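Below, read A as the first sequence line, B as the second, and so on, with proteins coming before strands; counting in each chain starts at 1. Since we're looking at a predicted model, the values are computed, not measured.
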Amino acid sequence: MKRLHIQLIAILSGIILILSSIGAYLGAISYAISALATIIIFPAFIISIGLLLSAGLKDGDIPFMGY
Amino acid sequence: MIRVFDQGIEGAGLFMIEFGDIVPYFSVYTATLFTFAIIFTLLATFSIPEKQMDIIFGGDAYYAKEIKPQDLRFQRFVAIACGTATLGAVVTGDIFNFTLFAAMIGITNIGIVASSRSHHVLNAAYQYGIVAMIACVPLFGGAAMILATTGTLSIWSLAGIGAAPILAKILLLLGVMGEGMAPFYIGKAEITRAQGAPFILMVHVSSLLLFLRVVEIILVI
Amino acid sequence: MIRRLSHILSDFDKLSQIYAVLVIIVIIGGILTIPSLEYQADRLYPKTIHPESPLDPYDRGGTPFEKTEVLAEYPENSPYLGYVTAYLTPFSLALATLTHHVGTTIVAHPGGIIDEILYNTRGLDTVVETSILFVAFGVASFLFLRRDEE
Amino acid sequence: MIEYLLSAMILGLLLHGIHRKVIARVQGRPGPPIWQELLHTLKFLFKETWIPKTASQGLYVGVVALALAIWSAALILLLTGGSLLLLFALYLIHKIIEHGTGLSSGSQYSKFGAIRSVISAASELPLLASVALLYLFTGSLMISDIEAYQVINGPLLIPAFPAAIALYMVILSKIHYGPFSIIEAKELVSGYWTEHFGVWRGLLNAAFGLKTFVLLYTFVMVFIGPIGLPLTLLAILILMITLSFVCAVTPMLSPYDSVSIQTVTTGLIAIYIIYLGVFA
């Protein structure tokens with residue numbers, strides 16, 4: 001996957017997560033829907049953040065090639 | 001919150017489907033089990049099996065074992081059948097229907113392992129198969145006893161009245177245990193040595209979900 | 001003690017024995033409770049035999065596409081419960097009026113025998129039962145075809 | 001929602017750190033700092049990540065996402081006072097995650113970890129016994145009902161003591177370095193997650209931090225009752241430290257012995273349940 005796609009997923013899922021949280025507090029969306037959305041989107045959010053962090057921008061060292 | 005059957009066991013009832021004389025229902029609990037069954041069935045359908053690493057004795061060399069395409073195709077077919085049976089078992093609203101799905105899960109579990117070529121794994125699967133066959137007797141015996149004593153098999157009518165005899169419940173539990181649960185882990189553990197992770201995983205998924213469902217049924221009726 | 005127990009549990013050749021012991025314990029305990037159980041007969045399907053009917057061994061009684069006398073769990077969902085005669089297609093019905101052998105034909109082919117075994121099953125049950133047979137047959141034939149490769 | 005998840009995750013990882021620290025102090029070592037596990041997880045997130053060629057790729061990534069999903073579901077379930085039976089179900093599905101993590105990579109080490117995880121499935125039986133005993137007492141499995149029961153009748157810890165022992169054993173079998181932690185034994189390198197490296201390992205670590213928090217929180221909620229946030233956190237901390245003491249002074253059992261002990265415990269609790277059901 002391209003870095004841009006991962007960035008997009010991370011930002012979108014982050015926004016949805018925060019919105020669903022706020023919505024549940026204000027009573028705009030029901031608690032059950034907010035919970036469901038959080039459970040489904042949270043892994044996508046965390047994994048994309050992790051992948052973003054791990055994808056270095058500069059060239060790395062020569063990797064270990066194995067035996 | 002609306003609770004299914006007015007019992008504080010499995011959370012809110014969501015919806016039901018009318019299938020002739022059998023009415024499957026989705027409560028929060030069964031819907032969750034259903035979702036996981038779908039997720040794992042999809043994983044078994046679409047992911048390729050792993051290539052098991054093996055070393056050659058007497059050297060540093062190692063190689064990755066591959067599964068033959070025809071074995072793979074068969075394993076995938078049985079794994080999907082197993083997933084479908086699990087889907088049915090976790091939502092059905094009828095005890096006889098549930099036992100049928102359980103029996104089907106037992107058979108497909110053996111089918112998943114059958115394409116392995118290791119003698120050790122096949123021996124374990126054979127023993128497990130014998131247990132699954134014996135288990136049909138308590139499984140259907142339990143359902144038959146519930147029908148004979150209460151006059152109905154529907155979980156909807158049985159829920160909460162406590163009419164089902166304890167003996168029938170224990171037989172049902174014992175049957176499900178034989179079709180794929182403890183204390184027969186040792187058979188399962190040996191089966192796990194077979195190759196083809198997504199398919200072998202279906203063996204565990206189906207038996208765990210089946211067990212979770214039978215616990216719910218026993219508590220509800 | 002625990003070591004001995006784990007030794008027994010760790011041998012998969014003893015699986016069926018352990019299971020058999022469990023079943024025996026439950027059944028012995030169960031036999032004691034049988035006098036306290038009560039029998040409910042209203043789900044039994046009343047079978048009568050009419051040798052002169054064209055559907056003879058297969059005839060389950062009742063008028064096709066009519067009400068059943070068996071107590072259904074959800075009568076509104078399954079009005080024809082129990083009477084397999086009620087499941088006859090219009091074509092089979094027409095055939096039954098013409099010849100005397102429709103019943104024997106149905107029973108003589110595998111589907112009919114399955115149906116005879118499962119004579120009081122309902123909706124989804126019938127589907128599941130046949131799929132069990134199908135899968136079991138699939139597994140057996142796979143193993144049979146593979147037998148020569150070893 | 002998300003704020004609960006993130007804070008529970010961080011707290012869980014801190015608890016892991018405290019666990020290691022306490023074990024080290026009991027054994028007379030200085031031990032790592034308590035935020036070590038947190039740093040550990042962050043460190044993994046910055047490592048180069050890919051999917052091994054021999055792995056079953058869908059499953060390899062899928063289990064990580066599922067591990068995060070089930071434990072966030074479990075936390076939300078606890079917060080909303082849902083069904084204890086559903087929590088039990090999620091816990092069992094965690095078992096499948098363990099199998100899947102081990103089986104998906106194709107490596108022998110993680111495969112043995114997965115096989116041991118299948119063997120040790122008996123560790124779920126005490127949880128079932130505990131759930132059944134609670135149902136006998138409260139007549140409901142909804143956590144909100146159990147809490148309401150405890151507000152009226154006092155903590156369940158005393159009347160349902162065997163159930164508390166069973167749940168304690170379940171948590172013990174899921175904690176690192178414990179007597180029942182045969183699936184992470186050091187002869188298997190890191191057990192079933194040996195082959196999950198980089199981001200995958202970091203996220204599994206995070207999910208398991210969440211798991212530890214959820215399990216301890218369940219124990220406090222179900223056996224002590226609603227006592228307010230600060231006291232709950234304190235109770236969780238104390239519980240964790242007792243667990244660490246047990247882990248520090250007990251050796252790891254051999255796989256089948258661990259199974260036997262858990263099965264025997266379940267059997268004893270089952271006998272107690274039958275006794276209660278028949279005579280009381």
When the 4.5 angstrom heavy-atom criterion is applied to B/Ile105 and chain C, the contacting part is neither
If you draw a 6.0 Å radius around CD1 in B/Ile166, do more than 12 non-hydrogen atoms from other residues or ligands fall strictly inside? no
From B/Ile107 atom CD1 to C/Ile132 atom CD1, the distance as rounded to the nearest 0.5 Å: 5.5 Å
Starting at CD1 of C/Ile27, measure out to CD1 of B/Ile170 and round the result to the nearest 0.5 Å. 11.5 Å
With sequence neighbours left out, what residues match B/Ser206 under side chain to side chain donor-acceptor pair (under 3.5 Å)? B/Asn109
With under 30° as parallel and over 60° as perpendicular, where do the rings of B/Phe74 and C/Phe142 fit, or are they tilted in between? parallel
Closest approach of C/Leu22 to B/Met177 (non-hydrogen atoms, all atoms of both residues): CD1-CE, 4.2 Å
Contact class of B/Tyr126 relative to chain C, heavy atoms under 4.5 angstrom: neither
Closest non-hydrogen contact found for C/Val135 with B/Ala81 is CG2-CB, 4.2 Å
Which residues, numbered in order, of residues 134-145 of chain B come under 4.5 angstrom of chain C by heavy-atom distance? B/Ile134, B/Ala135, B/Pro138, B/Met145
One should read off an interatomic distance between C/Tyr19 OH and B/Gln127 CD, to the nearest 0.5 angstrom, of 14.5 Å
Any side-chain heavy-atom pair from C/Val26 and B/Leu167 closer than 4.5 angstrom? yes
